[in-house]
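The structure appears right after this line, and notes come after that.
Just so we're on the same page: letters track the sequence lines, and every chain starts at 1. This structure is a prediction, so every number in the text was calculated from the model and none was measured.
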2 protein chains.
Amino acid sequence: MNAPARKPTMSRETLLPPMMAHVIAEGLGQASLRPLAKAAGTSDRMLIYHFGTKEQLVTDLLAHVAGVYAAVLDAAIAGAEPPATRGELLARLLAQNGDPAMQPFLMLWWEIVGGAARGLPGFRPAAQAMVGKLLGWLEAQMPPGDPDPAGGARLLLTVVEGTLMLSSLGHAETAREGLLAGGLLPT
Amino acid sequence: MNAPARKPTMSRETLLPPMMAHVIAEGLGQASLRPLAKAAGTSDRMLIYHFGTKEQLVTDLLAHVAGVYAAVLDAAIAGAEPPATRGELLARLLAQNGDPAMQPFLMLWWEIVGGAARGLPGFRPAAQAMVGKLLGWLEAQMPPGDPDPAGGARLLLTVVEGTLMLSSLGHAETAREGLLAGGLLPT
DNA sequence: GTGACTCTGTAGCGAATGCTACGTCAGCTT
DNA sequence: AAGCTGACGTAGCATTCGCTACAGAGTCAC
């Protein structure tokens, strides 16, 4: 009655997406081999076979996360008309990142930042890739005619990251009040 | 020849400082009972005896970290003359936090933020206590005659946190350029 | 066929995890 | 003196950790 058990032939590429979904949902701290394998529909034995080491698995997984993040930004830049002012761009950014759907990714982001700060293998390259990508995206999205797109993008990057951190702690309103007081957000 | 082995009678209060030193040095992720006990000069058995549960231990430990942080801020506010401008205050903050001696605490901070974002028990109260304390400290340190001390403090808080995050990833210069472009830092 | 190679399942290793059972010993009260 | 209590050590439990040894099944070249 049952099919003759086809051969899926798992590879690193097919294993990474479900594992990424797992770490986004459960966190990197709880990412041990057996739960990861279960999420990917395989066994811990197979994960070691494909990646060699858990450390290499985490490195590859973080690189994959950075790649997906870059792809999301690339997709977002395609169908977007440029904002008129820096404030409008900032408001757009905060609206996107304040979306509750973004929260699981933000939880993962803080673990990546912490790992990068501690120098854990694979964390810093992934974090720098994502920050670098976001910075480039911001430069490309700066309002036309902006007097200093490079500096403005760096300002927005700093302000957005600070706001996201405070938002993760339940201080989103505090950050918003600060940005309004600083004239960075349109009223 | 040797003294008759005095009885130190460990309590929660005497155990917390060496454990805090341990988590600052090694991180919360590696904070299991036996290493923590070794750092405090006792055994895992005694940690459970005093705190009841590891979860309660972590909660108490984070509260203790928040208390020490608040005490440090209180000490810093005592012998400080007020800055002349917001930019000067911001420069002072970034100089303090850019100190390499602060880096181990920053590593711990990202773990606390991550735990708070995930809702781990004890993390969010500790993180909110520290952010709230820093915000109050900033309000008290705002330049005299500032038109909007409350809003300005919130702006500086957001900007400082964003800068610290980027600094932890090796993007300190990026944040600095942004703050200069935004006129928030004096040239 | 026969061997070589790739992929995968089962079983298990030694270490570390949080926590408990049990006993000891000092100091107190009665 | 007898008993109680709080502080501590020793030993161990069940579970999970990353990882390995070994065997089986499928495919391909010869």
Side chain [X], main chain [Y], donor-acceptor under 3.5 Å:
X        : Y        : value
B:Asp146 : B:Met142 : no
B:Asp99  : B:Met102 : no
A:Thr53  : A:Gln56  : no
A:Glu111 : A:Gly29  : yes

Output a table of nitrogen or oxygen pairs between the protein and nucleotides 21-23 of chain D separated by less than 3.5 Å.
| residue | atom | partner | partner atom | Å |
| --- | --- | --- | --- | --- |
| D:dA21 | N6 | A:Arg45 | NE | 3.3 |

Which nucleotide sits closest to the side chain of [X]: [options]?
X       : options              : result
A:Arg34 : D:dG18, C:dT6, D:dG6 : D:dG18
A:Ser32 : D:dC17, C:dC7, D:dC8 : D:dC17
B:Leu33 : C:dG9, D:dC8, C:dG18 : C:dG18

Mind calculating the distance between [atom1] ([X]) and [atom2] ([N]) to the nearest angstrom?
X       : N      : atom1 : atom2 : answer
A:Leu47 : D:dT20 : CG    : C1'   : 15 Å
A:Ile48 : C:dG9  : CD1   : P     : 15 Å
A:Lys38 : C:dG9  : NZ    : C1'   : 17 Å
A:Met46 : C:dG9  : CE    : C1'   : 8 Å

Report summary line: Base-pair string, DNA chain D, Watson-Crick plus G-U, cut-off 3.5 Å on both distances, | for inter-strand, is ||||||||||||||||||||||||||||||
Query raised in the report: Partners of B:Tyr69 by ring pair (Phe, Tyr, Trp, His ring centres under 6.0 Å), sequence neighbours excluded?
Result: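 Ring pair (Phe, Tyr, Trp, His ring centres under 6.0 Å) check on B:Tyr69 returns B:Phe105.
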Query raised in the report: Side chains of A:Met19 and A:Leu47: closer than 4.5 Å at any heavy-atom pair?
Result: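 A:Met19 vs A:Leu47: side chains touch.
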Requested in this report: Kindly indicate whether the side chain of B:Met165, heavy atoms from C-beta on, has any atom under 4.5 Å from the side chain of B:Trp110.
Outcome: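 In short, these two side chains touch, coming nearer than 4.5 Å.
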**Report entry** D:dC8 phosphate, OP1 or OP2, under 4.0 Å from B:Tyr49 side-chain N/O
**Finding:**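 Answer no for this pair, as no side-chain N or O of B:Tyr49 is under 4.0 Å from OP1 or OP2.
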Query raised in the report: For B:His50 and D:dC8, is the shortest distance between a side-chain N/O and OP1 or OP2 below 4.0 Å?
Result: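 Checking D:dC8 against B:His50, a side-chain N or O does come within under 4.0 Å of OP1 or OP2.
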Query - Residue of the set A:Leu61, A:Leu57, A:Val68 for which side chain to side chain contact (heavy atoms under 4.5 Å, CB included) holds with A:Leu16 - result: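 Only one of A:Leu61, A:Leu57, A:Val68 forms a side chain to side chain contact (heavy atoms under 4.5 Å, CB included) with A:Leu16, namely A:Leu61.
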Query raised in the report: Starting at the 5' end of DNA chain D, which residue's closest nucleotide do you reach first, A:Gly52 or A:Gln30?
Result: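 The answer here is A:Gln30.
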Query raised in the report: Looking at B:Lys133 and B:Asp74, does any basic side-chain N land under 4.0 Å from a carboxylate oxygen?
Result: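 Yes, B:Lys133 and B:Asp74 are salt-bridged.
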Query raised in the report: Is a donor-acceptor pair below 3.5 Å formed from side chain B:Asp44 to base C:dC19, judging by atom type as modelled?
Result: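 Indeed, a donor on one side and an acceptor on the other fall under 3.5 Å apart.
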